[in-house]
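Data first, discussion second: the structure below is written as structure tokens.
Just follow the structure's listing: the first ligand is 1, and inside any ligand the first atom is 1.
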Amino acid sequence: MNNNTEQKWEAANAFAVKGQVKSCEPYGSGHINRTYLLVCEEHGQDVSYILQQMNQDVFKNIPGLMKNVKGVTSFLRRQIIENHGDPDRETLNLVPTREGKDYYQDSQGDFWRAYLFISQATCYNLVKKPEDFYQSGKAFGRFQCLLADYPANDLTETIPDFHNTPVRFAAFQAAVEQDVMKRACQVQEEISFIREREKEMGLALDLQAEGRLPLRVSHNDTKLNNIMIDDATGQALCIIDLDTIMPGFSIFDYGDSIRFGANTAEEDEKDLSKVSLSLPLFEVYTKGFLEGCEGRLTQTEIEMLPYGAKMMTLECGMRFLTDYLAGDVYFHVSRDGHNLDRCRTQLALVADMERKWTHMEAIVKKYKNQ
Ligand code: ADP
Ligand code: GN1
Ligand code: MG
């Protein structure tokens with residue numbers, strides 16, 4: 001993905017923003033797109049936007065992806081207006097280009113989009129208050145509910161087999177085999193840890209094949225920094241990062257939130273003694289998510305929630321290791337060994353979940369009938 005200053009300014013000036021473009025600086029801590037805070041000035045007042053260069057290496061069908069984003073945000077906007085909410089803050093809003101399009105392709109062939117900036121709200125990398133995590137559980141549960149009425153057939157599958165763990169495992173095995181960076185010898189312990197758990201990886205797909213686990217329109221990337229918490233009220237305000245909305249499993253939306261938010265350490269913490277599954281955070285999120293789902297999950301989905309958490313953590317650890325072995329070509333990194341550090345936190349968290357398994361199951365059981 002190229003990215004030079006000229007290209008950035010070309011994109012910044014392509015959108016129908018208010019006033020004059022003033023600054024455009026890198027923003028946020030996403031691993032995939034290149035995100036900028038675009039500040040414009042109109043009548044002496046600053047107006048901010050998010051400008052994003054979409055990652056074409058990761059998303060092969062940008063027109064299809066943008067059709068999803070437009071469709072889902074318009075659908076959510078209608079529901080928010082019906083519920084007397086604030087449609088400019090409770091969902092993402094695309095800013096059109098000066099030609100009235102939803103995205104812009106620059107002179108080098110890269111794709112850009114702009115959103116209204118949601119101010120006075122924060123994306124966290126670590127849970128600050130358990131109440132925030134409860135709120136985000138409720139919001140992601142409600143999001144599943146809202147999307148239940150979205151026409152799944154209109155959605156483009158933006159990354160095929162995104163949470164197909166056996167397919168991810170095959171890619172991991174190939175990366176170990178190819179070992180292009182000659183790094184496999186340093187990570188034998190991690191490789192064995194993943195291989196020892198291969199048998200568990202196909203369970204969700206097996207249940208789906210037996211008709212016991214439904215495919216639902218899901219978000220698929222529900223980590224805490226993909227939800228904005230209102231600074232004033234502490235309420236979950238807006239779910240962002242809609243690039244991977246496509247049919248998936250509810251247990252994986254739940255699980256990815258646990259993977260990131262119920263970890264007592266950050267995803268890239270180097271000191272593994274800080275990594276653990278917080279059972280109190282696991283509990284508040286479970287309560288919030290099940291409340292937000294309003295009884296729509298099946299008994300099997302509910303029973304499989306702990307498995308969803310473990311599998312999303314294992315899969316993510318495996319993806320980080322695959323990328324480390326391949327030479328850091330997928331996730332953005334900002335230091336040597338960044339993907340390996342991320343892999344290690346995920347595997348340490350899986351090990352802790354295994355130790356706490358009976359507690360996790362007991363907590364889910366406690367909230368089962370909500
Ligand atoms: P990535 O796919 O790379 O993770 P995201 O779409 O999640 O990209 O955006 C990266 C970060 O930018 C988010 O974590 C958030 O901090 C910020 N962000 C994205 N959209 C908005 C918005 N509309 N308003 C304010 N901040 C935003
Ligand atoms: C990526 O885009 P971002 O940073 O929200 C990744 C997720 C991983 C996550 C790990 C499209 O999410 O699948 O779980 O990093 N998104 C994509 O932090 O691959
Ligand atoms: Mg993100």
Review point. Where do N125 and S29 land on the side-chain contact (heavy atoms from CB on, under 4.5 Å) test, with the steps shown first?
Key: CA-CA 9 Å; N125 280 327; S29 54; 3.4 Å; yes
**Study point:** Verdict with reasoning, E294 to R142, per salt bridge (charged side-chain N to carboxylate O under 4.0 Å, His left out)
**Key:** CA-CA 8 Å; E294 291 177 0; R142 209 177 310 118; 5.6 Å; no
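With a 4.0 Å cut-off on non-hydrogen atoms, I50 touches ligand 1 through its side chain and not its backbone. Contacts between F162 and ligand 2 below 4.0 angstrom, taking non-hydrogen atoms only, involve the side chain exclusively. Of the heavy atoms in R259, only side-chain atoms (C-beta onward) come closer than 4.0 Å to ligand 2.
Relative to atom 24 (N) of ligand 1, the option among I227, I118, D88 with the closest non-hydrogen atom is I118. When the options K223, H332, R319 are ranked by their closest heavy atom to atom 8 (C) of ligand 2, first place goes to R319.
No more than 12 heavy atoms of other residues, nucleotides or ligands lie within 6.0 Å of CG in D336, so this atom counts as exposed by the packing criterion. The 12-atom threshold is not exceeded at NZ of K101, counting heavy atoms of other residues, nucleotides or ligands nearer than 6.0 Å. Open room surrounds NZ on K18; 12 or fewer heavy atoms of other groups in view lie less than 6.0 Å from it. Counting heavy-atom neighbours within 6.0 Å of Q120 CD, excluding the residue itself, gives a total of 12 or less. Summarising the local packing, CD of Q188 is surrounded by more than 12 heavy atoms from other residues, nucleotides or ligands at distances under 6.0 Å. Summarising the local packing, CD of Q20 is surrounded by 12 or fewer heavy atoms from other residues, nucleotides or ligands at distances under 6.0 Å.
Contact atoms of ligand 2 toward G30: 4 (O) (distance under 4.0 Å to a heavy atom of the residue). Interface of C123 with ligand 1, defined as ligand atoms under 4.0 Å from a residue heavy atom, comprises 14 (O), 15 (C), 16 (O). Every atom of ligand 2 with a heavy atom of F59 under 4.0 Å away is listed here by number and element: 11 (C). For ligand 1, the atoms lying closer than 4.0 Å to a non-hydrogen atom of L92 are 23 (N). Atoms of ligand 1 found under 4.0 Å from any heavy atom of N226 (numbered from 1 in listed order, with element): 7 (O). The ligand atoms of ligand 2 that sit less than 4.0 angstrom from a heavy atom of F320 are 10 (C). Distances below 4.0 Å separate heavy atoms of Y330 from the following atoms of ligand 2: 11 (C), 17 (C), 19 (O). Atoms of ligand 1 found under 4.0 Å from any heavy atom of L116 (numbered from 1 in listed order, with element): 22 (C), 23 (N). Within ligand 1, the atoms closer than 4.0 Å to a non-hydrogen atom of M228 are 24 (N), 25 (C), 26 (N), numbered from 1 in the order shown. Per-residue contacts place H31 under 4.0 angstrom from the following atoms of ligand 1 (heavy atoms of the residue considered): 3 (O), 4 (O). Atoms of ligand 2 lying under 4.0 Å from any heavy atom of N226, numbered from 1 in the order shown and given with element: 5 (O). Residue-ligand proximity, F117 to ligand 1, at heavy-atom distances under 4.0 Å covers atoms 24 (N), 25 (C), 26 (N).
A cation-pi arrangement, defined by a distance under 6.0 Å to the six-membered ring centre and an angle within 45 degrees of its axis, is present between R183 and Y324. The side-chain tip of K8 does not point at the ring of W112 from less than 6.0 angstrom away and within 45° of straight on. With a 6.0 Å cutoff to the six-membered ring centre and a 45° limit on the axis angle, R113 does not count as a cation-pi contact of Y103. Taking the centre and axis of the six-membered ring of F193, the NZ or CZ atom of R197 falls inside the cone set by 45° and 6.0 Å.
Ligand 2 has D241 within reach: a non-hydrogen atom of the residue lies less than 4.0 Å from it. Residue-ligand proximity: H332 is placed with every non-hydrogen atom at 4.0 Å or more from ligand 1. For F331, the heavy-atom gap to ligand 2 drops under 4.0 angstrom.
The nearest N, O or S atom of N226 is closer to the Mg ion (ligand 3) than 2.8 Å. With 2.8 Å as the limit, D241 counts as an N, O or S neighbour of the Mg ion (ligand 3).
The nearest heavy-atom contact from the protein to atom 3 (O) of ligand 1 is N33 N, 2.9 Å. Nearest to atom 19 (C) of ligand 1 among the protein's heavy atoms is I240 CD1, 3.7 Å. For atom 1 (C) of ligand 2, the closest heavy atom belonging to the protein is I32 CG1, 3.8 Å. Scanning the protein for heavy atoms near atom 10 (C) of ligand 1, the closest one is T35 OG1, 3.7 Å. The protein non-hydrogen atom at the shortest distance from atom 7 (C) of ligand 2 is D221 OD1, 3.6 Å. Protein heavy atom nearest atom 15 (O) of ligand 2, with residue, atom name and distance: H31 CD2, 3.3 Å. When hydrogens are left out, the protein atom nearest atom 9 (O) of ligand 1 is Q52 NE2, 3.2 Å; that is the closest non-hydrogen contact. The nearest heavy-atom contact from the protein to atom 10 (C) of ligand 2 is E267 OE2, 3.2 Å. Looking only at protein heavy atoms, the nearest one to atom 14 (O) of ligand 1 is N225 O, 3.1 Å. When only non-hydrogen protein atoms are considered, atom 11 (C) of ligand 1 lies nearest to G28 CA, 4.0 Å.
The closest side-chain donor-acceptor pair between E283 and H359, if any, does not fall under 3.5 angstrom. Remark: the D106 side chain and the Q7 side chain contain an N/O donor-acceptor pair separated by less than 3.5 Å.
Note on ring orientation: taking the six-membered ring where Trp is involved, the planes of H31 and F320 are perpendicular (angle over 60°, cut-offs 30° and 60°).
The two atoms that bring T244 and H219 nearest to each other are OG1-O, 2.8 Å, heavy atoms only.
Contact check for Y330 versus D57: no side-chain heavy atoms found under the 4.5 Å cut-off.
Of the N or O atoms in D241, one or more lie within a sub-3.5 Å distance of an N or O in ligand 1. Every N/O-N/O distance between Y27 and ligand 1 stays at or above 3.5 Å.
Taking the six-membered ring for Trp and the full ring otherwise, Y285 and F133 have centroids separated by under 6.0 Å. Y115 has its ring centre no less than 6.0 Å from the ring centre of Y49.
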